[in-house]
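Below is one structure, written out as structure tokens; the observations come after it.
Source: prediction; values computed, not measured. Chain letters run A, B, ... following the sequence lines, proteins first, then strands; residues in each count from 1.
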There are 2 protein chains.
Amino acid sequence: MIKVAVTDDHPLMAEGIRNVLFGNDKIQLTASWHRAIDTLEDQALEHIDVLFLDINLPDMSGIDLCKALMEKYNRLRVIAITSHQESWFLKNMMKAGAKGFLLKSASPKIILEAIITVCRGKEYIQSEMKDLLLSESLNQTTKAPIIPKLTRREQEVLQLISEEYTTQEIADKLFISTKTVETHRQNLTLKFGVKNSVGLVRVALEMGLL
Amino acid sequence: MIKVAVTDDHPLMAEGIRNVLFGNDKIQLTASWHRAIDTLEDQALEHIDVLFLDINLPDMSGIDLCKALMEKYNRLRVIAITSHQESWFLKNMMKAGAKGFLLKSASPKIILEAIITVCRGKEYIQSEMKDLLLSESLNQTTKAPIIPKLTRREQEVLQLISEEYTTQEIADKLFISTKTVETHRQNLTLKFGVKNSVGLVRVALEMGLL
DNA sequence: AGAAAAATGGGGGAAAACCCTGAGTTTTTT
DNA sequence: AAAAAACTCAGGGTTTTCCCCCATTTTTCT
């Protein structure tokens with residue numbers, strides 16, 4: 001008997017997985033949470049074999065939660081689920097210890113396959129994502145694979161840039177010189193590996209930092 | 001007996017709703033589609049009472065699909081479902097003829113309530129969204145309520161801007177002058193009501209145009 | 001206490017974006 | 001065929017961003 005759980009802020013997602021597993025006597029959905037903190041605190045995880053984990057949680061990024069879970073429960077297998085078809089996501093989740101990666105558009109067949117595969121100790125990555133990785137590596141446009149760690153000031157500046165403020169306006173708001181704002185902006189583009197503020201806002205939005 | 005259908009590119013969403021309705025002998029899920037085109041072409045919609053419609057579909061925006069459906073099947077009630085908690089979405093869906101609006105985080109109880117309410121000819125808007133509308137009107141920061149209609153060229157330019165290309169590079173790619181690109185950029189910022197390219201990319205991403 | 005990281009700020013210049021006005025051409029719609 | 005919309009391009013200017021170089025002070029971590 002394989003015990004499965006779900007952490008996703010959309011209850012329908014848990015219902016969907018429950019339904020997929022319905023009638024299967026070898027795999028059972030035994031728990032579901034909506035927030036990262038609930039997941040971390042519930043001792044029931046001790047006995048879970050496979051956790052489906054969404055990346056977009058209200059209180060913590062799925063990546064950080066995955067890291068924390070892997071430290072605490074080394075027996076647990078995490079399958080990341082997301083609707084965003086982006087490679088930096090996959091790379092970070094795998095780095096954080098996830099064993100599987102599925103899109104929310106996955107079919108019931110795929111979901112069962114993934115559960116069984118990770119239980120056997122192997123990785124399971126949906127073929128659509130593999131294709132994406134391949135095409136990206138061919139395009140050599142692979143983006144910075146990690147989520148950059150931003151300082152407090154950088155976050156503030158990034159936020160204001162995304163709100164369409166100019167360097168001068170940001171400097172006034174933060175009571176610093178325009179030169180300092182420019183330095184932060186420069187460091188941000190370096191950290192994100194982008195060419196300009198547009199890229200900055202785009203990747204920050206895609207990473208859920210704004 | 002109320003007949004319900006779902007159009008959502010995430011199969012799990014349909015499974016979730018199916019599960020919510022399981023055991024209910026007055027409401028039945030009788031069909032589900034993943035793409036807008038499939039929904040439009042299926043004559044089965046003639047006999048559907050309530051359609052749950054996601055806004056993010058692979059081939060057409062849910063808003064356009066809703067409009068098309070309302071013209072074709074005036075008996076049909078559409079309930080929009082989305083994970084994005086944004087008001088322009090709601091306004092446009094309602095304008096397009098939707099009778100209900102739910103977040104994907106809706107509970108089974110809410111879902112049943114919504115189905116019954118729209119069947120009685122009334123509108124159903126989830127309370128979270130009502131709160132959002134209220135707070136936005138208080139903040140007087142209501143964004144441009146309509147999705148601007150972009151021309152083909154404007155979409156192309158917008159896409160390239162979001163990919164961090166400069167005006168010169170965009171001009172080269174499209175075989176037009178930099179001045180023309182600037183004009184398109186200018187028109188885009190006017191249509192979106194933003195101050196610069198950063199705002200352009202931000203709202204376009206939020207509206208799901210990129 | 002010492003090292004590392006973060007935050008601050010400057011000069012100067014090149015590139016790009018932004019803003020305005022105007023106008024001809026092509027495509028689509030009525 | 002006429003009108004409307006979309007696409008095209010230009011001059012000429014201002015503002016902002018971007019990109020080097022560099023340095024000092026403040027905060028945080030070990």
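- What separates CD of Q155(B) from P of dA6(D) is a distance of 12 Å, to the nearest Å.
- Atoms CZ (R152(A)) and P (dC29(D)) sit 13 Å apart, rounded to a whole Å.
- Following rounding to the nearest Å, N196(A) (CG) and dA16(C) (P) show an atom-to-atom distance of 11 Å.
- The residues E163(A) and R202(B) are annotated as not salt-bridged, no charged nitrogen and carboxylate oxygen being separated by less than 4.0 angstrom.
- Nucleotide dA5(C) holds its C1' atom 16 Å from the CZ atom of R153(A), rounded to whole Å.
- Atom CG of L188(B) and atom P of dC18(C) are 11 Å apart (whole Å).
- Against DNA chain C, the stretch residues 156-179 of chain A makes heavy-atom approaches under 4.0 Å through I176(A), S177(A), K179(A).
- Counting only N and O atoms by type, the side chains of T178(B) and T167(B) include no donor and acceptor under 3.5 Å apart.
- A sub-4.0 Å separation between OP1 or OP2 of dC9(D) and a side-chain N or O of H184(B) is absent.
- Side-chain nitrogen and oxygen atoms of T183(B) include none within less than 4.0 Å of the OP1 or OP2 phosphate oxygen of dC7(D).
- Salt bridge D9(B)/K104(A): absent, no basic N to carboxylate O contact under 4.0 Å.
- Atom CD of Q186(A) and atom C1' of dA16(C) are 14 Å apart (whole Å).
- When distances run from any side-chain atom of R185(A) to the nucleotides dC18(D), dC7(D), dA7(C), the shortest one goes to dC18(D).
- Between S197(A) and dC18(D) there is a side-chain polar atom (N or O) within less than 4.0 angstrom of OP1 or OP2.
- Judged by the 6.0 Å distance and 45° axis criteria, K99(A) is not positioned over the aromatic ring of Y124(A).
- Spacing between atom CG of N187(A) and atom C1' of dA7(C) amounts to 10 Å, rounded to whole angstrom units.
- The salt bridge (charged side-chain N to carboxylate O under 4.0 Å, His left out) test with D49(A) is passed by exactly one of R77(A), K3(A), R75(A): R75(A).
- Side-chain atoms of E182(B) come within donor-acceptor range of the base of dC19(C), with a qualifying N/O pair under 3.5 Å.
- In summary, of the residues considered (I79(B), V50(B), L29(B)), a side-chain contact (heavy atoms from CB on, under 4.5 Å) with V6(B) occurs for L29(B) alone.
- Using a cutoff of 4.0 Å between basic side-chain nitrogens and carboxylate oxygens, K195(A) and E169(B) are scored as salt-bridged.
- Remark: T180(B) is in phosphate contact with dC9(D), judged by side-chain N or O atoms under 4.0 Å from OP1 or OP2.
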